[in-house]
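So that the names make sense, note that chain A is the first sequence line, chain B the second, and so on, each numbered from 1. From a predicted model like this one, the values you see are computed outputs, not experimental measurements. Values below: every heavy atom of this structure, side chains too, minus hydrogens, waters and symmetry copies.
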Amino acid sequence: MVSIGEILKGRHTGKVVELRGWIYRTRTVGGKAFVVIRDATGILQATISRDAVSPEAFQAAEKALIESAVVVHGKVVADKRAPGGYEIQSDDFKVVHFAEKFPIQEDLSEEFLLDVRHLWVRSQKMTGIFRVRHTVFGAVHEYFREHGFWEVQPPMITPAGSEGGATLFEVDYFGRKAFLTQSWQLYAEALVLAMEKIYYVGPSFRAEKSRTTRHLTEYWHAEMEEAWVGMDAVIRHAEGVISQACALVAEERVEEIVALGRTPEFLKAVKPPFERMTYDEALKVLKAKGIEVEWGKDLRTLEERALTEGKSKPVIVTHYPRVSQAFYKARDPKHPDLVLGFDVIGGDGVGEIVGGSERETDLETIKKALLEQGEDPKAYDWYLDSRRFGSVQHAGFGMGMERLIQWICKLGHIRDAVPFPRTPGRFSP
RNA sequence: GCCGUCGUAGCUCAGUCCGGUAGAGCCCCCGACUGUUAAUCGGGUGGUCUGCGGUUCGAAUCCGCACGACGGCGCCA
């Protein structure tokens with residue numbers, strides 16, 4: 001049994017092989033059937049001639065519809081007339097399963113493809129993205145483990161939120177209200193005083209009806225937290241993990257990214273340091289571009305696009321105004337109006353890939369910040385123990401895995417960065 | 001939360017403004033063709049026009065309500 005990928009590399013030319021896969025396209029011309037077969041490694045044409053196989057085999061080749069599962073036996077030859085340059089001249093052709101009429105043809109609407117997502121995942125485009133996703137996830141784990149971080153998991157079911165504004169999915173916990181996690185933040189800050197350098201890659205949930213090309217309600221979050229360091233150290237880790245993921249994809253997923261419109265050279269060039277600017281500097285850059293932003297307002301899609309326009313690496317913005325920032329972010333000792341927080345902003349409309357900060361260590365300051373945001377400090381009492389028992393400087397960030405994949409693969413919509421996307425309008429299939 | 005677009009055959013759409021009883025291409029089925037590349041050519045099957053209500057002799061078409069989806073903004077990763 002051989003794979004199509006091996007045949008396309010010329011490893012079996014001239015040999016008689018057996019190949020199994022699914023029908024991608026069929027065409028018949030008189031006494032010849034051309035059956036294009038796909039497997040997990042590529043697509044290849046099998047030629048079935050009436051005179052070369054049994055009548056049953058020929059009839060099966062003529063009748064089998066797209067996505068039928070087949071086993072083909074024959075000689076591999078190089079032939080310019082075949083798509084891809086190679087084909088199998090069959091001496092036997094068996095259908096393992098005759099598929100029903102496959103609903104996916106040409107001319108498909110985005111909406112229909114989402115309805116039949118469970119079938120669309122078989123497409124060349126989707127499987128290519130999934131392979132890149134595999135590589136990106138591997139790179140993230142490798143990066144943190146190589147740098148001495150412990151992988152540790154927070155709970156998914158939580159008693160309350162961590163970031164005030166963001167909405168939570170409510171679950172019925174034996175008659176009591178519980179919520180799906182939107183960040184490991186509170187748990188990370190408890191664990192970082194135990195393990196010092198920790199990371200986690202897992203799902204996060206946001207019940208926000210964000211109808212954009214870069215929001216999912218369920219997404220994979222890579223989060224890290226480190227003790228005894230400030231914002232600068234974790235910015236370097238953010239640059240490091242992103243560049244390592246890009247480098248590994250450039251090395252191992254060349255075919256896939258080229259098909260998606262990215263070159264390996266582009267990804268290889270994504271090396272630290274990234275361009276860095278403070279929020280105040282960003283406002284000046286925007287003003288020069290004719291975009292006025294009132295100080296204190298967060299950077300919106302429009303502004304993020306303007307900042308990354310023409311840039312081949314992500315851009316880092318630091319020192320945001322304290323107003324409307326999460327309560328656990330540390331204020332800048334030099335400028336109490338600012339927080340020691342940062343975002344890593346990707347181009348091509350992907351926007352914020354990473355958001356992070358140094359964390360506030362002072363108990364009273366955090367309590368005050370909670371009150372300012374309308375939260376009851378009593379609900380956070382267990383979390384505040386991290387500021388009662390050996391509170392030390394620490395910092396961390398959260399990275400949207402699908403946003404990173406979207407940026408690497410140059411995807412127009414984040415939902416294609418995950419096999420079965422969850423968006424406000426859809427949670428099926 | 002705000003704004004916009006759309007819903008007709010398995011799929012992609014026309015028909016809706018100007019009401020008269022449902023169309024095209026692809027898919028699929030049958031036939032022809034021994035090198036096709038989304039093959040081609042001939043024939044055929046296929047529809048509660050999203051749902052409910054209203055106006056009308058008559059509604060896919062006009063009016064109202066509902067449902068569903070897609071797109072953009074805000075918020076975030």
Side-chain angles (χ1 to χ4, degrees), chain A residues 24-36 43-52 58 62-63 65-66 77 79-85 87 89 99-116 119-120 161-168 182-185 201 203-223 238 297-304 314 324-326 342-346 349-356 397-407 412-415 417 423-428:
Chain A
Y24 185 69
R25 292 279 181 276
T26 63
R27 297 176 278 271
T28 62
V29 180
K32 272 193 173 158
F34 298 96
V35 179
V36 181
I43 61 172
L44 181 77
Q45 173 169 287
T47 306
I48 299 110
S49 292
R50 182 175 271 142
D51 355 357
F58 188 76
E62 272 192 319
K63 297 286 172 201
L65 300 183
I66 287 173
V77 297
D79 192 317
K80 275 185 286 186
R81 296 170 297 183
E87 67 178 19
Q89 291 180 346
E100 294 177 25
K101 195 164 110 181
F102 201 61
I104 299 178
Q105 327 282 343
E106 298 103 31
D107 297 332
L108 296 158
S109 65
E110 198 57 43
E111 188 181 337
F112 178 69
L113 288 177
L114 289 168
D115 287 342
V116 293
L119 300 174
W120 181 235
S162 61
E163 324 218 359
T167 341
L168 295 147
Q182 59 184 357
S183 166
W184 81 331
Q185 192 58 41
V201 181
S204 269
F205 307 88
R206 300 274 163 108
E208 296 159 357
K209 290 189 175 173
S210 303
R211 306 200 55 87
T212 77
T213 54
R214 59 203 173 280
H215 282 88
L216 295 168
T217 53
E218 174 185 300
Y219 67 99
W220 283 67
H221 212 168
E223 303 186 271
K297 295 277 179 193
D298 216 347
L299 301 179
R300 300 169 305 162
T301 310
L302 174 78
E303 286 94 45
E304 287 182 348
S324 79
Q325 290 284 334
F342 70 98
D343 286 343
V344 179
I345 302 166
V350 172
E352 191 180 336
I353 294 173
V354 172
F397 66 75
M399 175 166 74
M401 291 296 285
E402 284 80 10
R403 292 216 180 143
L404 177 59
I405 293 160
Q406 181 186 7
W407 182 70
H413 202 297
I414 196 170
R415 64 181 161 225
T423 53
R426 189 182 284 276
F427 59 92
S428 171

Report summary line: Considering only heavy side-chain atoms of A:Ser109, the closest of B:G35, B:U12, B:C30 is B:U12

Hey, what are the protein-to-nucleotides 67-71 of chain B N/O distances that come in under 3.5 Å?
from, atom 1, to, atom 2, distance (Å)
B:A69, OP1, A:Gly425, O, 2.4
B:A69, O3', A:Arg426, NH2, 3.2
B:A69, O2', A:Glu111, OE1, 3.0
B:A69, O2', A:Glu111, OE2, 2.9
B:C70, OP1, A:Arg426, NE, 2.9
B:G71, OP1, A:Arg415, NH1, 3.0
B:G71, OP1, A:Arg415, NH2, 2.6
B:G71, OP2, A:Arg415, NH1, 3.4
B:G71, N7, A:Arg211, NE, 3.1

Query raised in the report: Quantified in whole Å, what is the P atom distance between nucleotide B:C75 and nucleotide B:A66?
Result: 29 Å

Query raised in the report: Counting side-chain heavy atoms from C-beta on, which of B:C33, B:A77, B:G74 comes nearest to A:Thr28?
Result: B:C33

Query raised in the report: Hey, is A:Tyr219 doing a stacking thing with B:A77, by the 5.5 Å centroid and 30° angle criteria?
Result: yes

Requested in this report: Taking only the side-chain heavy atoms of A:Lys63 (C-beta and beyond), determine which of B:U36, B:C30, B:A77 contains the nearest atom.
Outcome: B:C30

**Report entry** Separation between the P atoms of B:U48 and B:U5, rounded to whole Å
**Finding:** 28 Å

**Report entry** Nearest-angstrom distance, P atom, B:C57 to B:U16
**Finding:** 24 Å

Requested in this report: Could you check A:Ser49 against A:Glu402 and say which one's nearest nucleotide on RNA chain B is further toward the 5' end?
Outcome: A:Ser49

Report task. Apply the test salt bridge (charged side-chain N to carboxylate O under 4.0 Å, His left out) to residues A:Arg415 and A:Glu110: give CA-CA distance (whole Å), side-chain angles for both, the deciding distance (0.1 Å), then the verdict. Result -> CA-CA 11 Å; A:Arg415 64 181 161 225; A:Glu110 198 57 43; 3.4 Å; yes

Requested in this report: Taking only the side-chain nitrogens and oxygens of A:Ser210, find out if one of them lies under 4.0 Å from OP1 or OP2 of B:C75.
Outcome: no

Query raised in the report: When you measure from the side chain of A:Lys32, which nucleotide among B:G35, B:C76, B:U12 comes out closest?
Result: B:G35

Please produce a list of atom pairs where a protein N or O lies less than 3.5 Å from an N or O of nucleotides 43-50 of chain B.
none

Requested in this report: Look at the side chain of A:Asp51 and decide which nucleotide, out of B:G35, B:G10, B:U34, has an atom nearest to it.
Outcome: B:U34

Query raised in the report: Which nucleotide, B:C28, B:U12, B:G35, lies nearest any side-chain atom of A:Glu87?
Result: B:G35

Requested in this report: In whole angstrom, give me the gap between the C1' atoms of B:C62 and B:G42.
Outcome: 43 Å

Query raised in the report: Quick one: which of A:Arg81, A:Arg27, A:Arg25 gives a side chain to side chain contact (heavy atoms under 4.5 Å, CB included) with A:Gln45?
Result: A:Arg27

Query raised in the report: Which whole number of Å gives the distance between the P atom of B:C52 and that of B:C67?
Result: 15 Å

